[in-house]
**Q** 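Please find one structure pasted underneath; my questions will follow.
Just so it is clear, the values below take in all heavy atoms, side chains as well, and ignore hydrogens, waters and symmetry mates. In this chain, numbering begins with 1 at the start of the sequence shown. In listed order, ligands and their atoms are each counted from 1.
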Amino acid sequence: MSLFGKDFICTEDWELEDIQKILVLASEMKKDPHNLRWSSVLKNKSFLMLFYNPSLRTHLSFDMAVSELGGHSIYRSSEMSWSKSKQGIASSEALKDMARVMSRYVDGVGIRMCMNAIKQYGEGHQFVRDFAHFADIPVIGMADDRVHPCQALADVMGWSEKISSENDINALKGKTLLVTWGSSGLARPWAAVQSHLLLAARMGMNIKLAYPEGYALDSEVRQQTKIHCEKNNTTYEEIHDPNVGYEDTHVVYVRNWVTNKAYEQGEFQYQAEVDRSLSLKEWIVTEAKMRKTENAIFANPMPIDRGREAEEAVIDSAYSVIYDVAENRKHAQKALLALIFGA
Ligand code: CP
């Protein structure tokens with residue numbers, strides 16, 4: 001089936017075989033970034049990036065992806081992305097008007113909306129979905145409050161590369177992933193961790209999800225992850241002890257995320273989240289914990305909080321894949337852009 005014109009908002013919207021097409025093409029592009037087969041597939045095409053929250057990796061990796069495909073990218077910060085208002089969704093220009101006008105200017109749109117750009121959990125994801133509903137062009141989620149699908153692509157690509165020297169997309173089948181909450185002063189949204197839980201389970205990994213009391217993720221996402229595990233005959237386990245779960249694990253993924261009360265008062269409780277998170281210092285990935293694993297690789301979507309989410313020695317170790325995954329953002333997004341709106 002042609003992927004041309006398709007939105008990429010959540011990996012769950014896509015067939016697994018189509019996601020695998022992105023990963024296969026991404027690997028080819030990584031080996032030969034400037035091959036003439038793809039160096040001008042976005043010629044005369046423009047990609048608009050609406051960032052309602054800051055970004056380093058997502059912004060630059062999309063910028064470079066579009067550039068290496070011969071297209072033109074346009075960056076709009078939060079201040080520039082609300083039309084006629086800085087007050088957020090409730091008092092902005094109607095979303096349908098924004099989406100319809102943008103569709104007349106550009107060939108694709110990426111949107112980031114999470115953290116303090118929203119007042120309650122789910123609002124950012126709904127904004128991206130509603131934008132896509134009214135737009136006539138492909139819409140890509142660049143991290144909302146619920147999912148971060150491009151990060152999940154880069155994650156599984158990076159883990160597969162390390163686990164299989166053949167760069168086999170089936171390399172993760174039957175392997176075990178420990179996703180552990182990490183202490184941090186950064187108060188991260190649920191998006192990245194939820195996206196890779198969904199995709200890793202779907203790709204056949206056993207899942208262990210470790211987090212302190214009060215940090216349960218979206219119940220629908222956890223339920224869907226369990227369903228994927230059941231379908232694949234793999235295991236799903238939840239753990240509430242920072243020292244448990246490392247045994248028999250092939251990928252250790254640490255990520256800070258906020259509590260399920262982060263939006264309870266009608267706006268994002270940044271400082272309360274940071275204060276609580278910093279009090280849970282035992283939730284750190286250490287070299288001693290990594291030694292309990294099956295020579296696991298260490299992963300994190302970045303930015304990483306050094307000395308809090310993981311020890312410096314773990315982050316800088318030979319088994320750390322954090323920079324490979326960050327690099328893969330560009331390759332995976334190049335493949336995605338080429339497939340959904342390339343010539
Ligand atoms: N991992 C990620 O999305 O990083 P940025 O917030 O810097 O884009």
**Q** Looking at R129 and D13, does any basic side-chain N land under 4.0 Å from a carboxylate oxygen?
**A** yes
**Q** Under 4.0 Å from any heavy atom of L56, which atoms of ligand 1 are there?
**A** 5 (P), 7 (O), 8 (O)
**Q** Students should be able to answer this: which protein heavy-atom is nearest to atom 1 (N) of ligand 1, and at what distance?
**A** M302 O, 2.8 Å
**Q** Would you check if the distance from the ring center of F341 to the ring center of F4 is below 6.0 Å?
**A** no
**Q** Is ligand 1 less than 4.0 angstrom away from at least one heavy atom of R112?
**A** yes
**Q** In ligand 1, which numbered atoms sit nearer than 4.0 Å to a non-hydrogen atom of H148?
**A** 2 (C), 3 (O)
**Q** Should the pair K208-E237 be classified as a salt bridge under the 4.0 Å nitrogen-to-oxygen rule?
**A** no
**Q** Using a heavy-atom cut-off of under 4.0 Å, does the side chain or the backbone of Q151 touch ligand 1, or both, or neither?
**A** side chain
**Q** Against ligand 1, does P301 come closer than 4.0 Å with any heavy atom?
**A** yes
**Q** Can a salt bridge be assigned to the pair E220 and R146 using a cut-off of 4.0 Å between side-chain N and carboxylate O?
**A** yes
**Q** Could you tell me the residue and atom name of the protein heavy atom closest to atom 4 (O) of ligand 1, and the distance to it rounded to 0.1 Å?
**A** R57 NE, 3.0 Å
**Q** Please check whether H59 reaches ligand 1 - meaning an N/O of the residue sits under 3.5 Å from an N/O of the ligand, judged on distance alone.
**A** no
**Q** Taking only heavy atoms of R329, which atoms of ligand 1 are found under 4.0 Å from at least one of them?
**A** 1 (N), 2 (C), 3 (O)
**Q** Atom CD1 in I111, atom CZ in F131: separation rounded to 0.5 Å?
**A** 4.5 Å
**Q** Could you check whether D316 pairs with R306 (Lys NZ or Arg NE/NH1/NH2 to Asp/Glu carboxylate O, under 4.0 Å)?
**A** yes
**Q** Please tell me whether H72 and F47 form a close aromatic pair, meaning their ring centres lie under 6.0 Å apart.
**A** no
